[in-house]
Structures are given as C-alpha cells and as structure tokens.
2 protein chains.
Amino acid sequence: MNGRPAAEQTLELSAFVPFRLNRLATGVSQYLAAIYQARFGLDIPQWRVMATVGETACTAQHIAASTRMHKTRVSRAIVELEARDLIERASNERDRRERQVRLTKAGQRLYTELVPLALERERALLACLAPEQLHGFLQGLDVLENFLGLDAQP
Amino acid sequence: MNGRPAAEQTLELSAFVPFRLNRLATGVSQYLAAIYQARFGLDIPQWRVMATVGETACTAQHIAASTRMHKTRVSRAIVELEARDLIERASNERDRRERQVRLTKAGQRLYTELVPLALERERALLACLAPEQLHGFLQGLDVLENFLGLDAQP
DNA sequence: CACAAATAGTTGCGCGCGCAACCTTCAGGG
DNA sequence: CCCTGAAGGTTGCGCGCGCAACTATTTGTG
C-alpha cells in the first residue's frame with residue numbers, strides 16, 4: 001500500500017503517481033481484455049470503435065475525437081471491423097469526403113452481448129472500493145481529467 | 001465532468017472507468033514527457049530504469065519486476081543508457097549470469113537534476129486536487145492496485 | 001469563378017514493443 | 001560427477017502504432 005506524503009524528496013517509482021496510473025491502466029486493460037479480446041476477438045481500437053458507434057452512428061473523425069485515438073488507428077480499426085461485417089459505412093451525399101459509420105446486424109448482436117459483460121466487469125472491479133472510496137476516487141478522476149483538458153471536445 | 005451512477009446499462013466510453021484510466025494515464029505521461037524527454041532525451045523505459053537504479057544499484061531483473069516492464073524492454077533501455085554513459089554494469093563474481101546496474105558519475109548528475117523536476121511536476125499535477133480529494137483519490141488507487149495485485153513483488 | 005486553405009480519410013514508412021527462441025551460468029538430484 | 005532444469009539476459013522476428021505525406025472533396029476569399 002502506497003499512501004505517500006506529499007512533500008517527498010527522493011523518488012521511489014512505486015510511489016510516483018504518474019507511474020502508478022500507467023501501471024493501473026495497464027492492469028485494468030488486461031483485466032478487461034478477457035472480455036473483448038479472448039471472447040470476441042477484438043483489440044482495443046476495435047473495441048473502442050464498436051463502443052462509440054454502438055450508441056449512435058457517426059464519422060471516423062468523431063470516433064477519433066471522442067476516443068482520443070489517432071485517426072490512422074481509427075481508420076485501420078474500421079477497415080478490420082468492416083472486413084468482419086461488424087460495421088458498415090454509408091456515404092454522405094452532402095459531404096462526400098466523410099462516411100457515416102454504423103453497426104451491421106451482426107455488429108449489433110455482438111454489441112448487445114458485449115456491453116453488459118463489459119459493464120459487469122467494470123462493476124466487479126469497482127466493487128473492491130467502499131461506496132465513499134468509489135465516490136472519492138471518481139471525483140479525483142473528474143478533477144484530474146478536467147485539469148488536463150481530457151474531457152474537452154474540440 | 002463524469003460522475004456516473006453505478007448501475008448504468010448503456011455504455012458511454014467517456015464514462016467507462018477503464019477507458020478513463022487509460023486516457024488519464026496517457027495524459028499524465030504526456031504531461032511528464034516534457035521533463036524527461038524533451039529536456040534529457042530519455043524515453044519512458046530509460047526514465048524508469050534511471051529512476052529505479054538511482055536510489056540503489058540492482059539487477060536488470062529487479063528493474064523489470066519493480067517497474068513491471070518486459071525484460072526485453074529493460075534490456076534494451078539498459079543498452080541505450082550504457083551507450084550514453086549514464087549507467088554502467090559490474091559483473092557479479094558469485095553469479096556470473098547477472099550484472100549489477102548502477103549510475104555513472106554523469107548518470108548521477110542527470111539523476112539529481114531530474115528527480116526534483118519530476119517530483120515538482122507530480123506535485124503540480126496533484127495540486128489541482130483539494131487535500132481531501134487527493135487523499136480519497138490516492139486511497140482508491142491503493143485499493144485498486146491491491147485488488148489487481150499490482151504492488152505485489154513476486 | 002478561380003485558387004488557396006482547410007477537412008475527411010488512407011497509406012508508406014520507421015520504430016518500439018512483446019513473444020519465442022537462444023546462450024550462458026548456476027543449482028540440485030540420481 | 002554428469003545432466004536436467006531453471007534463472008539472468010540478449011536477439012530475431014512480426015506487428016501495431018504514430019508521423020508525415022498523399023488523395024479527394026469542400027469551404028472561403030479576392
């Protein structure tokens with residue numbers, strides 16, 4: 001356990017918050033991977049595209065902006081998902097540069113099967129926190145995201 | 001801001017804690033990169049090796065275990081740092097498989113210059129949290145790490 | 001209306017990563 | 001003692017990522 005005094009002068013990596021956040025994010029990703037990877041054959045970019053498009057169809061650029069992934073990463077994930085017939089793209093007549101990305105029937109089936117499992121996995125993870133701990137942690141998350149401008153939609 | 005009710009049924013990525021943690025970790029890494037990257041020409045693996053070896057000399061395996069990096073990643077970072085004369089390796093007579101990794105004089109100079117900057121940067125980041133918020137957030141971090149077994153030293 | 005600048009998206013390329021295989025050295029049992 | 005298995009590190013290889021450059025289309029401006 002790593003409760004650390006604020007005014008430390010010597011650097012211990014396992015007490016250094018940026019490192020701890022990286023390590024935690026990696027750990028949580030692995031904790032989730034069992035769902036979308038082993039069971040549905042999706043990698044992280046593909047999973048994020050599915051999750052974004054699942055609620056409402058949108059453009060590749062919108063996916064990139066809201067997931068904060070590089071547009072090439074999004075582009076490649078879309079190509080792969082399209083090859084698996086999980087998503088499809090419809091040309092927009094008003095602006096023929098962009099294309100509307102949406103789930104196919106098969107994509108919707110996968111989506112409605114996947115989402116509850118992912119949410120349950122999140123719930124199981126957060127269940128290790130007492131209610132007030134959870135609240136405090138999420139509040140800290142909010143403030144840090146806001147400080148770094150991560151939730152802004154440019 | 002993303003305070004989210006616990007029992008959601010629809011998945012919105014920007015409210016999904018695993019995604020938020022990944023995004024936050026990436027954001028914090030970039031926030032720190034200005035220090036060790038632009039200013040000292042270190043990438044993340046190199047920086048982690050320096051930080052680990054800085055306090056006390058140790059083996060590559062120990063670095064891998066305490067940073068949770070793959071041993072090949074550690075190995076390559078060590079080779080690069082050695083080429084820059086920031087670290088050196090001493091053969092262990094008792095066990096000639098392993099080698100003790102430690103800072104050179106130049107490495108120590110860089111280290112003593114770098115550490116206060118990194119800690120200051122961490123302090124600046126966490127300063128966006130009110131004292132109790134910080135406490136709550138770190139407590140949540142502790143519990144999650146413990147739940148995922150991230151602080152264990154196998 | 002023409003031309004410059006911006007936007008949506010794709011692709012070539014180099015690099016860093018992890019896996020698996022490998023080399024060397026050590027420990028331990030038959 | 002040998003010989004098998006394990007441990008510390010290194011290296012070959014394939015893959016995914018981001019950067020930069022590109023195409024195609026749209027918008028803005030004189």
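Each chain gets a letter, A, B and so on, in the order its sequence line appears, and its residues count up from 1. Please read these numbers as outputs of a predicted model, since none were measured by experiment.
Annotation: proximity of residues 93-102 of chain A to DNA chain D (heavy atom, distance under 4.0 Å) is found for A:Arg94, A:Asp95, A:Arg96, A:Arg97, numbered in ascending order. Within residues 45-60 of chain B, the residues that place at least one heavy atom under 4.0 Å from DNA chain D are, in residue-number order, B:Thr59, B:Ala60. Residues from residues 69-76 of chain B that place a heavy atom under 4.0 Å from any atom of DNA chain D, listed by number: B:Lys71, B:Thr72, B:Ser75, B:Arg76.
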Indicate every side-chain donor-acceptor pair of residues 24-45 of chain B with a distance under 3.5 Å to a residue at least two apart or in another chain.
| unit_1 | atom_1 | unit_2 | atom_2 | d |
| --- | --- | --- | --- | --- |
| B:Thr26 | OG1 | B:Asn22 | O | 2.9 |
| B:Ser29 | OG | A:Asn22 | ND2 | 2.7 |
| B:Ser29 | OG | B:Ala25 | O | 3.2 |
| B:Asp43 | OD1 | B:Gln46 | N | 3.0 |

Show me, pair by pair, the donor-acceptor contacts under 3.5 angstrom made by side chains of residues 106-114 of chain B, not counting sequence neighbours?
| unit_1 | atom_1 | unit_2 | atom_2 | d |
| --- | --- | --- | --- | --- |
| B:Tyr111 | OH | B:Glu55 | OE2 | 2.4 |
| B:Thr112 | OG1 | B:Gln108 | O | 3.1 |
| B:Thr112 | OG1 | B:Arg109 | O | 3.0 |

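Look at CG on A:Asn92: it is 17 Å from P on C:dT7, rounded to the nearest Å.
Electrostatic pairing of A:Asp151 and A:Arg68 does not count as a salt bridge here, judged by no charged N lying under 4.0 Å from a carboxylate O.
Between A:Trp47 and B:Leu11, the closest heavy-atom pair is CH2-CD2, 3.4 Å.
Judged as a side chain to side chain contact (heavy atoms under 4.5 Å, CB included), and not counting sequence neighbours, the contacts of B:Ala57 are B:Gln100, B:Arg102. Contacts of A:Asp95 classified as side chain to side chain contact (heavy atoms under 4.5 Å, CB included), with partners at least two apart in sequence or in another chain: A:Asn92, A:Arg97, A:Glu98. Annotation: salt bridge (charged side-chain N to carboxylate O under 4.0 Å, His left out) contacts of A:Glu120 (sequence neighbours excluded): A:Arg123. For B:Gln139, the side chain to side chain contact (heavy atoms under 4.5 Å, CB included) partners are A:Gln133, B:His135, not counting sequence neighbours.
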| query | Step by step, would you call A:Thr59 with A:Gln61 a side-chain hydrogen bond (donor to acceptor under 3.5 Å, both in side chains)? | reply | CA-CA 5 Å; A:Thr59 68; A:Gln61 186 193 12; 4.8 Å; no
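The backbone N or O of B:Leu86 lies less than 3.5 Å from a partner atom in the side chain of B:Thr104, making a donor-acceptor pair.
Nucleotides of DNA chain D lying under 4.0 Å from heavy atoms of chain A occupy a range whose first and last members, 5' to 3', are D:dC17 to D:dT26.
Pairs of residues two or more places apart, or lying in two chains, that qualify as salt bridge (charged side-chain N to carboxylate O under 4.0 Å, His left out) and include a residue from residues 72-83 of chain B are B:Glu82-B:Arg89. The stretch residues 76-96 of chain B participates, sequence neighbours left out, in no ring-ring contact (aromatic ring centres under 6.0 Å, His included) pair at all.
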